[in-house]
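See below for the structure under consideration.
A, B, ... follow the sequence lines: proteins, then strands. Residue 1 opens every chain.
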Amino acid sequence: MPELPEAETIVRTLEPLIQGQRILSADYPGRRVWRGDVPELKGLAVVNVRRYGKQVLVGFDKGHLLVRLGMTGALIVDQIPTPYTRAVLTLSHCRLMFEDIRQFGWFEFLDEAPTQLGPDPFDLTSTAFAQRLRLRKTRAKVALLDQQFIRGVGNIYTDEALFRAGIHPNAHTHKLRAARAERLHQELIALLNEAISLRGSSISDYVDASGEKGSFQLRHRVYGKEGEPCPVCGTAIERIVIAQRGTHFCARCQKA
DNA sequence: CTTAATGTTCCCCA
DNA sequence: TTGGGGAACATTAA
C-alpha cells in the first residue's frame, strides 16, 4: 500500500478536490468498510485532508474520517465504480470512492484526531531519532516498520533508507553508533522528500486522488532488485525475509 | 500450482 | 513486559 510518500501525495491531490464540500450521501457497495459503528456522514462538511503516518485523515466540521489504505487501498475522485469499490461518498460537486482490491483497508470515524502512533519522521531531529532507536531492542528493519517507533514508513522505504545509510537490515538497533543512527534519519528524510517530489512509488496499484501514478519506483535502488547489481558496488542485491516481509539489501554496502 | 505483493492484528511462546 | 514468529485476512500476477 501507500506508505508515507504515497499518503502525502493522496492528501495533496485530494484536499483541493473535496475541501469545503458537504456530504450528500454515502454508499458502501462491497465488503464492510467501517471498523466499529457505521457513522452518519450525511451533512458533514470537509474542512481539510491531512496525513497521519501512512493513513489519510479527512477532517469534517464535526469529527474525522481515518482511512487505513491497507495494501491496495486508493481514494479516487470521480472514477467509474469497480467490483472493488467499498465506499462512495457523494459530495456537493464530486464523488469520492474508496477502491481496495485486497480488502485490507478500512474506515474509522474519530471524534478527535488520532495520537496513538509514534512520531512522524519529519517531526524528529536526528538526535531524537537516534535516542529513540537506541531504546528499541530489535533489528533495524523491524524498528523502521514499527508504527509505534515512527509512523509512516513501510516495506519499500525501509529497505531503501537502510541501503542509503549503509546499515544491514538485521543490525541491532541498540548497538548502532549514534552517528550511524543519525545518518539513517537524515537519509530517510532525504528519501521521503525525493519520493514525495516524484509523487510516490507505483508498484502495482497505487494512484493518487486523480488516478495518476507516481514515478519514484524508477529510483528504487534495492527494493524489488534481487539479483541485480548494487548501484554503488555492483554486488548482487540479496533478498531475505524479516518479519514476514521481503527484505532487499547489498551485503557489501550494508554492515551490521 | 506456487509464491509473493506498498499492511495490520491476533495468538502463542520465550 | 517485551520481543519473535507465524497465521490470517482477500485478490492478483508472474
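In this structure, the CG atom of A:L145 is 7 Å from the P atom of B:dG7, given to the nearest Å.
A side-chain N or O of A:E99 and one of A:T85 form a donor-acceptor pair less than 3.5 Å apart.
Stacking of the aromatic ring of A:F104 onto the base of B:dG7 is found: the ring centres lie under 5.5 Å apart and the planes are inclined by under 30°.
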Completion exercise
Contact string for nucleotides 2-7 of chain C, one letter per nucleotide 5' to 3', B = base within protein heavy-atom range under 4.0 Å, S = sugar-phosphate only, - = neither, reads -SSSBB
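Ring orientation note: the planes of A:F107 and A:W34 are nearly perpendicular, at an angle over 60° on the 30°/60° scale.
With hydrogens and angles ignored, no donor-acceptor pair under 3.5 angstrom links the side chain of A:R31 to the base of C:dA10.
Phosphate contact (OP1/OP2 of B:dG7, side-chain N/O of A:R68, threshold under 4.0 Å): absent. Between A:R239 and B:dA5 there is a side-chain N or O to OP1 or OP2 distance below 4.0 Å.
We find that A:R22 and A:D61 are joined by a salt bridge, their nearest charged nitrogen and carboxylate oxygen being less than 4.0 Å apart. Comment: A:D208 does not engage A:K213 in a salt bridge, judged by the lack of any side-chain N to carboxylate O separation of less than 4.0 angstrom.
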Handout entry: Trace of the side-chain hydrogen bond (donor to acceptor under 3.5 Å, both in side chains) decision for A:E6 with A:Y157
Key = CA-CA 11 Å; A:E6 292 75 37; A:Y157 297 102; 2.6 Å; yes
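Within the 4.5 Å cutoff, the side chain of A:L96 has no heavy atoms near those of the A:F98 side chain.
Pairing for C:dA10 is absent, with no Watson-Crick or G-U wobble pair whose two atom distances lie under 3.5 Å.
Counting any heavy atom pair closer than 4.0 Å across all strands shown, A:I101 reaches sugar-phosphate atoms only and no base atom.
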